[in-house]
Amino acid sequence: MIFTRFLLFNCSSWILRVYLQRLPNRPMISMKYSIFCVLLLSFLEVSAGDIDLVQVYGQLDQAIEQTDQYIQMREKRILKLKNALEMAHSPEAQLETCRRLYEEYQPYMNDSAIHYIDRCITLATEIGNKTITDEFTLLLAYQCSETGMYQEAMDILNSIDVSQLNDAKNKRRYYNTISHLYNELGYYCKVPRLQLAYYAKGEHYKHFIDTTGLTSDDVLQLKELECYSNGDASGALYYSDLRLKQVEEESHQFAIVAFYRHLDYRLLRDSVQTRYWVAQSALNDVKNAVMDQGALWELANMLMNDGDIDRAYRYIHFAWQCANKFNTQKRNNQISPVLTAISDNYEASLKHANRLLLVLAIVSSLLAALFLVILFYSNSQRKKLARARNELSDSNAQLGELNAQLSDLNNQMRLTNLKLNESNRVKDEYVGRFIHLCSFYIDRLDEMRKRVNKMVKSKDLHALHQFTNDSELRDNNLAELYGMFDSTFLHLFPNFVNDFNALLRPECRIALPDPKTLNTDIRIFALIRLGIEDSSRIAEFLHYSVNTIYNYRAKIKNGALGDRDAFEAQVKAIGM
C-alpha cells in the first residue's frame, strides 16, 4: 500500500531528528548540516519507491470521466436524508438530520451547507440547548472563513461572548475558528504589514486552544502545522505519516491529510512527491464528489508551470465547474488567474501554430508544384513502361504456357518413373523370392525322388501307392506357397490391408485373424495390385474356378466407398 513506500524515509527521518535533538545549541546548527539533512532525506525518499506520476494522472483522468457516477451517489444520500427530514416530527430528530445534511453539503454545495447549519441553529434555539446552539454557530463561522466569507465569519465571532461559552469543546472550536480566520486573511492578504498582523493574531489565538480532549488526528494536525510554520519539513512529515496511518484511503479525511502532506514536500522542494500527494488529494476529492476542489486547482497550477498546458486546462476547467457548483467567491478568485494564464499560453501556442501553419502552407505549395512536375514526367514514363509491360506480358504468357506444358510432361515423367521404380522394386523382390522358391522346390523334388526310389528298390508298392495318392503333400506345399506370397507382399506393402479397408464402407471392411496372413479376398486384390488382373490367372494361382474369382471381385467392389468401377484402379495406386 501507500505507507510501505515511505518506511525507509520514516526511519531515516526519525534517526536524524534524534541526532539533531542531541546536538548542543540546536538552533545554531550550521547551514551545511541542514542542507545535508534535507538532501539525505530526499534521496532516501526517492529510493524508497518509484512514483509514476503519469499513472496517477491517468487514474485522475478516469475518475473525472466518471464524476457523474460519484455525484449521483452523493445526491442519493442527500435525497434519502431530505426524505428523512420530512418524516421527522420532533425538533431533536430534525436537528440530527439537518446536521447530517450539513455534513453532506459542506464539501459539496456551500449555500446548502450554510442553509442547513443555519437551520440547525434555529432548531437548537427552539430546543433551548445553548451548548448545541453555540456549537452550530461556531461551525457556521468556520464554514464562512473556509469559503472566503471573512466578514460574515468575523461578524459571527464578534457576536459570541467567549466568556459565556460553558463547554470546553466550544471554547476550543471558537479559538480554532478565529485562528483559522486570521490565518486565511494573512494567506490571501497582499499588504505585507497587514499580512504579518493577521498571522500574528492567528498565532495568538492558537495558543488559547486547549488540546485536552482533542482527537488524535486533530492533535497531530496541529503539530504538523506547527512544524510547517517553523520550516521543519521532516517534523511535519513525521506527524503526517502518523496521520496517514489513521485514515482510510477512500475517506475525505485522506484527501485533507494528503493535501497537507503535499505542502510538507513542497517545503522540502521535492517536486515529484509534491505532485504525487496533491494528485492523490484531488483523486480522493473527485471520487467523493467534493466540489471544493482546492487540490485540483493547485495541481493545475503546477502543471501549467511544468508546461503541460492541455492537462492543466482540463483540470482547471473541471475545477471551475466544481467551484461554480460549490458557489464560493474564494475558489473563483483562485481559479481565475490560472484560467487567464492558461488562456494566454493557449493564445501564444495558437500564434505559434499559425506561424507554423503558414510555413507549412508555403512548403506544401512548393511540394505540390514539384509533385505536378514529377507527375507529368512519371506519366510519360508510365506510358513507355506500359507498352514494354504489355510486350513482356505477352512473352510471359507464352512462356507460362510452355512452362505449363513442360510441367505436365514433368509430372507425367515423374509418375512414370514412380511406377517404373515401384515395378522394379516389386520385380527385384519377387525375382529373389522366385529363385529361392525354385531352389526350395528342387530340393523338395530331389528328396521326393530319393524317397520314391527307396520304395521302388524295396518293392514296397503299397507304401508307394499311399505316398503318391495322399493330397496332404499338395496342401502343405500350397500353404507354404501362400505363406511365402503373403510375407513377401506384406513386406513390399506393409500398409496394404489398412489402405485397402479405407476404400471400403465400415461394414464391408475385412478383419484378418492373423495380421501376417492374408485371406482369399485380400490375396485376389494383392495380385491385382501386382498387375495380375486376369481372373483366369488369379484362379490358376489360387486354385479356384474363374467364376469363383469373379464373384469374389464383384462382392468386394460392391462394398466400395466411392465409384465401384474405379475401385480396382484405386487399389493399384496403394503404396504409390
Side-chain angles (χ1 to χ4, degrees), residues 2 56-82 99-117 139-140 142-149 180 184 217-218 221 240 243-244 246-263 274-303 311-312 314-336 338-339:
I2 291 175
V56 177
Y57 295 156
Q59 294 173 353
L60 183 55
D61 293 337
Q62 184 179 5
I64 290 174
E65 292 178 0
Q66 299 174 352
T67 187
D68 290 340
Q69 300 177 15
Y70 303 131
I71 290 176
Q72 288 177 5
M73 294 170 61
R74 185 178 286 274
E75 289 287 355
K76 286 181 180 179
R77 296 196 301 268
I78 290 173
L79 180 61
K80 186 176 179 180
L81 289 172
K82 286 183 177 179
R99 176 199 290 269
R100 294 175 61 188
L101 279 168
Y102 155 70
E103 292 172 352
E104 285 289 343
Y105 274 118
Q106 190 241 342
Y108 184 57
M109 285 185 182
N110 182 55
D111 292 345
S112 297
I114 291 176
H115 167 75
Y116 282 104
I117 200 171
L139 285 175
L140 177 60
Y142 192 89
Q143 182 73 13
C144 291
S145 67
E146 182 71 11
T147 55
M149 302 168 64
H180 177 268
E184 285 285 304
D217 184 68
D218 290 335
Q221 182 177 358
S240 177
R243 296 183 66 196
L244 199 61
Q246 296 180 359
V247 296
E248 297 180 1
E249 290 188 32
E250 301 298 327
S251 65
H252 180 54
Q253 188 63 25
F254 176 84
I256 297 172
V257 175
F259 185 82
Y260 282 108
R261 191 175 181 85
H262 109 272
L263 295 175
T274 300
R275 284 154 179 74
Y276 174 79
W277 284 107
V278 76
Q280 288 291 340
S281 178
L283 177 63
N284 185 279
D285 282 343
V286 174
K287 289 185 176 181
N288 284 290
V290 173
M291 296 294 107
D292 189 13
Q293 281 286 349
L296 194 61
W297 165 77
E298 287 279 358
L299 180 59
N301 200 18
M302 294 177 189
L303 291 172
R311 190 182 297 275
R314 291 200 307 271
Y315 289 170
I316 200 66
H317 181 71
F318 180 77
W320 178 265
Q321 292 177 330
C322 293
N324 288 335
K325 192 175 186 69
F326 189 63
N327 194 20
T328 61
Q329 189 63 33
K330 174 183 175 181
R331 288 292 178 227
N332 292 335
N333 292 338
Q334 289 175 331
I335 293 173
S336 294
V338 182
L339 274 175

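Please read these numbers as outputs of a predicted model, since none were measured by experiment.
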Subject >> Full working for side-chain contact (heavy atoms from CB on, under 4.5 Å) between L139 and Y102 >> reply: CA-CA 10 Å; L139 285 175; Y102 155 70; 4.3 Å; yes

Original post:
For F326 and D111, what are the C-alpha separation, side-chain angles and deciding distance, and is it a side-chain contact (heavy atoms from CB on, under 4.5 Å)?
Top reply: CA-CA 8 Å; F326 189 63; D111 292 345; over 6 Å; no

Tell me the closest heavy-atom pair linking [X] and [Y], and the distance in Å.
{"X": "N284", "Y": "H252", "value": "OD1-CA, 3.6 Å"}
{"X": "L299", "Y": "R275", "value": "CD1-O, 4.3 Å"}
{"X": "I78", "Y": "L101", "value": "O-CD2, 3.8 Å"}
{"X": "Y70", "Y": "V286", "value": "CD1-O, 3.3 Å"}

Mind checking the [atom1]-[atom2] spacing from [X] to [Y]? Nearest 0.5 Å is all I need.
{"X": "Y260", "Y": "Q221", "atom1": "OH", "atom2": "CD", "result": "4.5 Å"}
{"X": "D285", "Y": "M291", "atom1": "CG", "atom2": "CE", "result": "9.0 Å"}
{"X": "E146", "Y": "N110", "atom1": "CD", "atom2": "CG", "result": "10.0 Å"}
{"X": "Q106", "Y": "Y116", "atom1": "CD", "atom2": "OH", "result": "15.5 Å"}
{"X": "S281", "Y": "L296", "atom1": "OG", "atom2": "CG", "result": "9.5 Å"}
{"X": "D61", "Y": "L283", "atom1": "CG", "atom2": "CG", "result": "10.0 Å"}

**OP:** Look at the side chain of R261 and the backbone N and O of W277, then say whether any donor-acceptor pair between them is shorter than 3.5 Å.
**Re:** no

Original post:
Is the backbone N or O of F259 less than 3.5 Å from a side-chain atom of H262, with the two atoms forming a donor-acceptor pair by type?
Top reply: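 Looks like yes, one N/O pair under 3.5 Å.
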
Original post:
Would you find more than 12 non-hydrogen atoms of other residues, nucleotides or ligands less than 6.0 Å from R74 atom CZ?
Top reply: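 Result for CZ/R74: enclosed.
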
Subject >> Worked check of side-chain contact (heavy atoms from CB on, under 4.5 Å) between I114 and M149 >> reply: CA-CA 11 Å; I114 291 176; M149 302 168 64; 3.7 Å; yes

Should [X] and [Y] count as side-chain neighbours, where that means a heavy-atom distance under 4.5 Å?
{"X": "R243", "Y": "Q253", "result": "yes"}
{"X": "W297", "Y": "I316", "result": "yes"}
{"X": "K325", "Y": "Q321", "result": "no"}

Subject >> Stepwise side-chain contact (heavy atoms from CB on, under 4.5 Å) test for L60 and V56 >> reply: CA-CA 6 Å; L60 183 55; V56 177; 5.7 Å; no

Original post:
With no hydrogens and no angle check, do the side chains of Y315 and N301 hold a donor and an acceptor under 3.5 Å apart?
Top reply: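 Side chains of Y315 and N301: no pair found under 3.5 Å.
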
**OP:** Check K82, K80, R77, K76 against E104 for a salt bridge (charged side-chain N to carboxylate O under 4.0 Å, His left out) and give me the one that passes.
**Re:**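 The option that passes is R77.
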
